[in-house]
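Notes to accompany the following structure.
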Amino acid sequence: MTEVLNGTATEIQTFQNYINGEWRDSESGNTFESRNPARTSDVIGNFPASSAEDVAAAVAAAKEAFKSWRLMPAPKRGEILKRVGDLLTERKDEISRAMTREMGKPFFETKGDVQEAIDTAYYAMTMGRQLFGHTVPSEMNDKFNMTIRRPIGVCGLISAWNFPVAVPTWKMFPAILSGNTVVFKPSEDAPHSGMLLVKVIEDAGVPPGVVNLVQGAGPTGQAIVNHPDVAAISFTGSSETGSKIASTAAARHARISLEMGGKNPAIVMEDADLDLAMEGMIWGAYGTTGQRCTATSRLIVHEDVHDEMVERIIAKASTLKLGYGNDDDTEMGPLINQKALDKVTSYMMVAREDGATIAMGGERATGEGLDEGFFFQPTLFTNVTRDMRVAREEIFGPVLSVIKVKSFDEAISVANDIEYGLSSAVYTKDVTRAFKAMRDVDAGITYINGPTIGAEAHMSFGGVKATGNGHREGGWEVYDFYTETKTVYVDFSGGLQRAQIDNYDD
Ligand code: NAD
């Protein structure tokens, strides 16, 4: 095992899809590779490049399993999810090590990722006893009105690579707790992590067909979105892919939840605790190498404390230890792949052309233990104005753009002057400003005196504007996405009662 985690194993494994409770190759036999982004000669394995045929088999299995799964009492489904949570707890270290090897973030971060999945499983268990409807008084005599929740059917789950266990579970656990069955496609950049999650599902005794795994890239995801028997689609990824999926799904009236990109602001006012704010910027901007949808990518700072904040961030960020995330002292891992490295690198030119200053970093990180990976230095842009591309576009790397403002009102205006609206943070000791920020920042999440990252599994998660389409993951609200409301009227009067008519004689 140690050999495998350190990337020195020589035998390359081939992995399979999981359909109707069986591990299977793709029909075509085609595969793709997953590699360690910190040590690119380390091949994690080969995974099925699934076609529409494989997707159809998975959807058929899910459709069949739905017939009995929807009838199992929700508290019993909750008990199965408890076992899933227990097994994830047992395997937490093992899975986290494998995730770090596959997608690069340090071990302490992948452990957090798995813990979020565990929390989501236990929360789902409790929801098995809380799939509430409403009972509401009727306007008629001897009549009883209520709403109940029903599962939808087969749900297609398509996820990004950066939270390769937590994010799929935000979708999968509420979906199956509610009585749906699922076809899950992990990101092609984290197929092994997705497979390890599904192995837990199998070992916990989730019945065959309830959770199906199909590996592959965009075309596999597209086949899920196109399939007429997939009643709901939950997607996490870029806004660009989300738009494509939304138009296909809308044409066939499928329910769809989209969680997409961000360009998250952290406002630091002149009355803030600057040590706290600095720590928040380091974790928010450079944690997960800036590859979080909630990463802090804009620091909007009051002019009185601008220079001091910049100095403090540079002093701390330049000490961050880059390396392979399974090494004990690593604080920041690599970018996910060559494409991401090229994209982040290209923004250095964009920054220069726009007139921003690269105050720290700006280059691929090299040196001992780094040359074989997609490492990039923690980077800080200063002299950024709100209209520059580096202030507006999601870079998805360890890059923070600093925008100087003169007042709190200007800070809010800059924070909102953006197409995205996922997370936000405000550092201030002034309670009035804190409440104004809660009310006025256009985002799905606002942290007061905390960084833009730090979602908890039992709280609703999602964004506004180009980040989302009005649904939420996490917490109680995600259960609204995975259930349909049925309204039920029970008339026990023994006669015909006509609503809106019989009670209102003129
Ligand atoms: P991506 O859009 O490239 O891919 C996401 C998923 O969509 C992958 O599984 C991919 O295979 C699949 N896909 C690609 N084309 C498809 C198509 N035409 N039809 C169906 N599926 C398709 O995103 P990524 O690079 O994996 O992830 C990074 C992005 O995800 C960033 O923009 C980040 O902000 C966002 N993200 C958002 C959240 C959130 O909750 N808001 C969380 C994590 C990541």
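Numbering of ligands and ligand atoms starts at 1, following listing order.
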Report task. Would you check whether A217 reaches within less than 4.0 Å of ligand 1, judged by its heavy atoms? Result -> yes
Query raised in the report: Nearest protein heavy-atom contact for atom 19 (N) of ligand 1: which residue, which atom, what distance?
Result: Q222 OE1, 3.2 Å
Query raised in the report: Do the side-chain N and O atoms of T296 and T452 include a donor-acceptor pair separated by under 3.5 angstrom?
Result: yes
Query - K185, any N or O under 3.5 Å of ligand 1 N or O - result: yes
Query raised in the report: Going by the atom numbers of ligand 1, which of them fall below 4.0 Å from some non-hydrogen atom of F235?
Result: 2 (O), 5 (C), 6 (C), 7 (O)
Query raised in the report: What are the two closest non-hydrogen atoms of S159 and K171, and how far apart are they?
Result: CB-CE, 4.3 Å
**Report entry** atom 41 (N) of ligand 1 within contact range, any protein heavy atom under 4.0 Å
**Finding:** yes
Query raised in the report: Which residue owns the protein heavy atom closest to atom 9 (O) of ligand 1, what's the atom, and how far is it?
Result: S159 O, 2.8 Å
Query raised in the report: Looking only at protein heavy atoms, which one is nearest to atom 10 (C) of ligand 1, and how far off is it?
Result: E188 OE1, 3.5 Å
Query - Donor on one side chain, acceptor on other, S50 and T220, under 3.5 Å - result: no
Requested in this report: Determine whether the side chains of Q16 and D25 contain a donor N or O and an acceptor N or O closer than 3.5 Å.
Outcome: yes
Query - Per-atom contacts, ligand 1 versus L422 - under 4.0 Å to a heavy atom - result: 41 (N)
Query raised in the report: Numbering the atoms of ligand 1 from 1, which are under 4.0 Å from a heavy atom of T236?
Result: 5 (C), 36 (N), 37 (C), 38 (C), 39 (C), 40 (O), 42 (C), 43 (C), 44 (C)
Report task. Among V84, V182, L81, find the residue that satisfies the side chain to side chain contact (heavy atoms under 4.5 Å, CB included) test when tested with M172. Result -> V182
Query - Geometric cation-pi criterion, R24 with Y18: 6.0 Å, 45° - result: no
Query - Polar contact flag for I245 and ligand 1 (N/O pairs, less than 3.5 Å) - result: no
**Report entry** Side-chain donor or acceptor of T40 paired with backbone N/O of E372 under 3.5 Å
**Finding:** yes
Query - Under 4.0 Å to a heavy atom of G221 - the qualifying atoms of ligand 1, by number - result: 19 (N), 20 (C), 21 (N)
Query raised in the report: If we only count N/O pairs under 3.5 Å, is S239 in contact with ligand 1?
Result: no
Query raised in the report: Between Y479 and Y123, what is the ring plane arrangement, given parallel below 30°, perpendicular above 60°, and tilted in between?
Result: tilted
Query - Atoms of ligand 1 close to F396 [distance to a heavy atom under 4.0 angstrom, numbered from 1] - result: 28 (C), 31 (C), 33 (C), 34 (O)
Requested in this report: Check the side chains of T110 and D113 for a donor-acceptor pair under 3.5 angstrom, ignoring hydrogens and angles.
Outcome: no
Query raised in the report: Which word best sums up how the rings of F32 and F47 line up, parallel for under 30°, tilted for 30 to 60°, or perpendicular for over 60°?
Result: tilted
Report summary line: The closest protein heavy-atom partner of atom 12 (C) of ligand 1 is I158 CG2, 3.7 Å
Query - Residue, atom name and distance, where the atom is the protein heavy atom closest to atom 36 (N) of ligand 1 - result: C293 CB, 3.5 Å
**Report entry** R292 N/O to ligand 1 N/O under 3.5 Å
**Finding:** no
Query - Nearest option to atom 43 (C) of ligand 1, as decided by whichever heavy atom of L157, D189, N162, I233 sits closest - result: N162
Query raised in the report: How far is atom 27 (O) of ligand 1 from its nearest protein heavy atom, and which residue and atom name does that atom have?
Result: A160 CB, 3.5 Å
Query raised in the report: Does F163 have a heavy atom less than 4.0 Å from any atom of ligand 1?
Result: no
Report task. Ignoring hydrogens and angles, tell me if any N or O in the side chain of R77 forms a donor-acceptor pair with the backbone of G128 under 3.5 Å. Result -> no
Requested in this report: Report the nearest protein non-hydrogen atom to atom 31 (C) of ligand 1: residue, atom name, distance rounded to 0.1 Å.
Outcome: E394 OE1, 3.5 Å
Report task. Using a 4.5 Å cut-off on heavy atoms from C-beta on, say whether the side chain of V399 contacts that of V390. Result -> no
Report summary line: Here the pair of heavy atoms bringing D442 nearest to N416 is N-OD1, 2.8 Å
Query raised in the report: Could an N or O of ligand 1 be found under 3.5 Å from any N or O of T241, whether backbone or side chain?
Result: yes
Report summary line: of all protein heavy atoms, closest to atom 35 (C) of ligand 1 is G237 O, 3.2 Å
Query raised in the report: With a cut-off of 4.0 Å, which atoms of ligand 1 are near a heavy atom of S187?
Result: 9 (O)
**Report entry** Any Q377 side-chain heavy atom under 4.5 Å of P398 side chain
**Finding:** no
